[in-house]
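Structure record follows, encoded as structure tokens.
Just so you know, these numbers use all the heavy atoms, side chains as well, and skip hydrogens, waters and symmetry mates. If you're wondering where the values come from, they're calculated on a predicted model, not measured in any experiment.
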Amino acid sequence: MEYTILIADDDAELVRMLKTFFELRKYRVITARNGTEALKMAEQAPDLILLDINMPGADGLEVCRRIRDKVSCPILFLTARVEEQDRVNGLLSGGDDYILKPFSLKELEARITAHLKREERQRSRVRSEYRFQRELVIDYTAKTVEVNGAALDLTKLEYSIVEFLSMNPGMVFDKERIYEKICGYDGEGDSRVVTELIRRIRKKMKEHTETEYIETVWGMGYRWIK
């Protein structure tokens, strides 16, 4: 299967290098030089997007926020920012992973492969499965969550956490394991992302119920309450 990768970066030399590298590996590569072009090229439904954070027109975070509800493919940020909060903001804006510049092509290829394989596994899994738990309904086929009849507006990563924990009720998972499971790559150092995502999930649920579904197990991680 030929995968299509969208590379959006204003560094022309980097884009040329990445385009050549991935075309040699039989990927179809489309490119964009700024945020405006990235939004347009996203209409071609790529299988994965490499998105620079610092771009003219619209930065990568804004592009991600605008297309996240329209595309389900993995979005990986390319960034020279090294502050942890910047990386957290990227993931919370709807991104699936980030690659710090400068990066090795070997690591980049490994991450892309991991995300594409994970997407394939999800697409090939045909499930007509629900979870009915008190006032909660999770539709694993449609990837929706309702509480007392109200649909929760969850991001892709927020839903992935609900799906993962709810399908393993009673089991305790640490933050690194949860991150690895929902992002498909080593989650070392990204525990703040999981903490913030779970805080947001709880806040959205609390608007419709006082029932707690995700329990914090201090010093260990989180589990879904049976």
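At least one donor-acceptor pair under 3.5 Å links the side chain of Arg111 to the backbone N or O of Tyr98. Tyr213 places a side-chain N or O within donor-acceptor distance of the main-chain N or O of Gln133, the cut-off being under 3.5 Å. Distance alone, capped at 3.5 Å, is enough to place a donor-acceptor pair between the Arg131 side chain and the Ser166 backbone.
Put simply, the side chain of Leu18 does not reach to within 4.5 Å of the side chain of Ile5, judged on heavy atoms. Between Phe164 and Trp224, the closest side-chain pair of non-hydrogen atoms is not below 4.5 Å. Residues Leu152 and Met205 are in side-chain contact: their nearest non-hydrogen atoms beyond the backbone lie under 4.5 Å apart. The shortest side-chain heavy-atom distance between Ile112 and Leu48 falls under the 4.5 Å cut-off.
Considering Thr79, Asp11, Asp52 in turn, Asp52 is the only one that fulfils the side-chain hydrogen bond (donor to acceptor under 3.5 Å, both in side chains) rule with Lys101. Evaluated for a side chain to side chain contact (heavy atoms under 4.5 Å, CB included) with Ile201, the options Thr155, Leu165, Ile161 yield exactly one hit, Ile161. When each of Val63, Leu76, Asp9, Leu61 is checked for a side chain to side chain contact (heavy atoms under 4.5 Å, CB included) with Leu51, only Val63 meets the rule.
Annotation: the span from Arg118 atom CZ to Ser160 atom OG amounts to 5.0 Å, rounded to 0.5 Å. For the atom pair Ile7 CD1 and Leu50 CG, the distance stands at 5.5 Å (nearest 0.5 Å). For the atom pair Glu215 CD and Ile225 CD1, the distance stands at 5.0 Å (nearest 0.5 Å). Taken from NZ in Lys206 to OG1 in Thr211, the straight-line distance is 9.5 Å, to the nearest 0.5 Å. The structure places CG of Asp10 at 10.5 Å from CD of Glu37, a figure rounded to the nearest 0.5 Å. Within the model, atoms CG of Asp96 and CZ of Arg68 stand 5.0 Å from one another, a figure rounded to the nearest 0.5 Å.
A salt bridge links Lys156 and Glu119; the closest N-O separation between the charged side-chain nitrogens and carboxylate oxygens is under 4.0 Å. Salt-bridge formation is not detected for the pair Glu2/Arg28: no Lys NZ or Arg NE/NH1/NH2 atom is positioned less than 4.0 Å from an Asp or Glu carboxylate oxygen. Salt bridge status for Arg199 with Glu196: present, with a side-chain N to carboxylate O gap under 4.0 Å. In summary, Glu120 and Lys117 do not engage in a salt bridge, as defined by a charged side-chain N under 4.0 Å from a carboxylate O. A salt bridge links Glu109 with Arg25: the distance from a Lys NZ or Arg NE/NH1/NH2 to an Asp or Glu carboxylate oxygen falls below 4.0 Å. A salt bridge is absent between Glu207 and Lys203; no separation between the charged side-chain nitrogens and carboxylate oxygens falls under 4.0 Å. Under the 4.0 Å criterion applied to side-chain N and carboxylate O atoms, Asp153 and Lys204 are not assigned as salt-bridge partners.
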Next item on the list: Please assess Ile49 against Ile67 for the test side-chain contact (heavy atoms from CB on, under 4.5 Å), listing each intermediate value before the final yes or no.
Entry: CA-CA 11 Å; Ile49 299 174; Ile67 68 175; 3.7 Å; yes

Next item on the list: For the pair Arg202 and Thr216, evaluate side-chain hydrogen bond (donor to acceptor under 3.5 Å, both in side chains) and give the outcome as yes or no after the intermediate values.
Entry: CA-CA 11 Å; Arg202 284 170 167 164; Thr216 300; 2.8 Å; yes

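Between the side chains of His115 and Asp97, at least one donor-acceptor pair of N or O atoms lies under 3.5 Å. Using modelled atom types and a 3.5 Å distance limit, the side chains of Tyr159 and Thr144 yield no donor-acceptor pair. A donor atom on one side chain and an acceptor atom on the other are not found under 3.5 Å apart for Gln44 and Thr4.
Val145 and Met167 fall within the same hydrophobic cluster, defined by Ile, Leu, Val, Met, Phe, Trp and Tyr side-chain heavy atoms under 4.5 Å apart, directly or through other members. Under a hydrophobic clustering in which Ile, Leu, Val, Met, Phe, Trp and Tyr are joined whenever their side-chain heavy atoms come within less than 4.5 Å, directly or via other members, Leu14 and Leu108 fall into the same cluster. Note on Tyr222: it does not cluster hydrophobically with Val217, by side-chain heavy-atom contacts below 4.5 Å among ILVMFWY residues.
Residues Cys64 and Gly94 come closest through the heavy atom pair SG-C, 3.5 Å. Scanning both residues, Pro46 and Met41, for their nearest heavy atoms gives CD-O, 4.3 Å. In plain terms, the two heavy atoms of Met171 and Arg223 that are nearest each other are O-CB, 3.0 Å. Here the closest non-hydrogen pair linking Val71 and Ala42 is CG1-O, 4.2 Å. The two residues Ile138 and Tyr140 come nearest to each other via the heavy atoms CG2-CE2, 3.5 Å. Of all heavy-atom pairs spanning Gly95 and Leu157, the tightest one is O-CD1, 3.4 Å.
No more than 12 heavy atoms of other residues, nucleotides or ligands shown are found within 6.0 angstrom of CE on Met220.
Residue pairs satisfying the ring pair (Phe, Tyr, Trp, His ring centres under 6.0 Å) criterion with at least one member in residues 37-71, sequence neighbours excluded, are absent. Legend: ring pair (Phe, Tyr, Trp, His ring centres under 6.0 Å) pairs involving residues 22-80, not counting sequence neighbours, sorted by first then second residue: Phe22-Tyr27.
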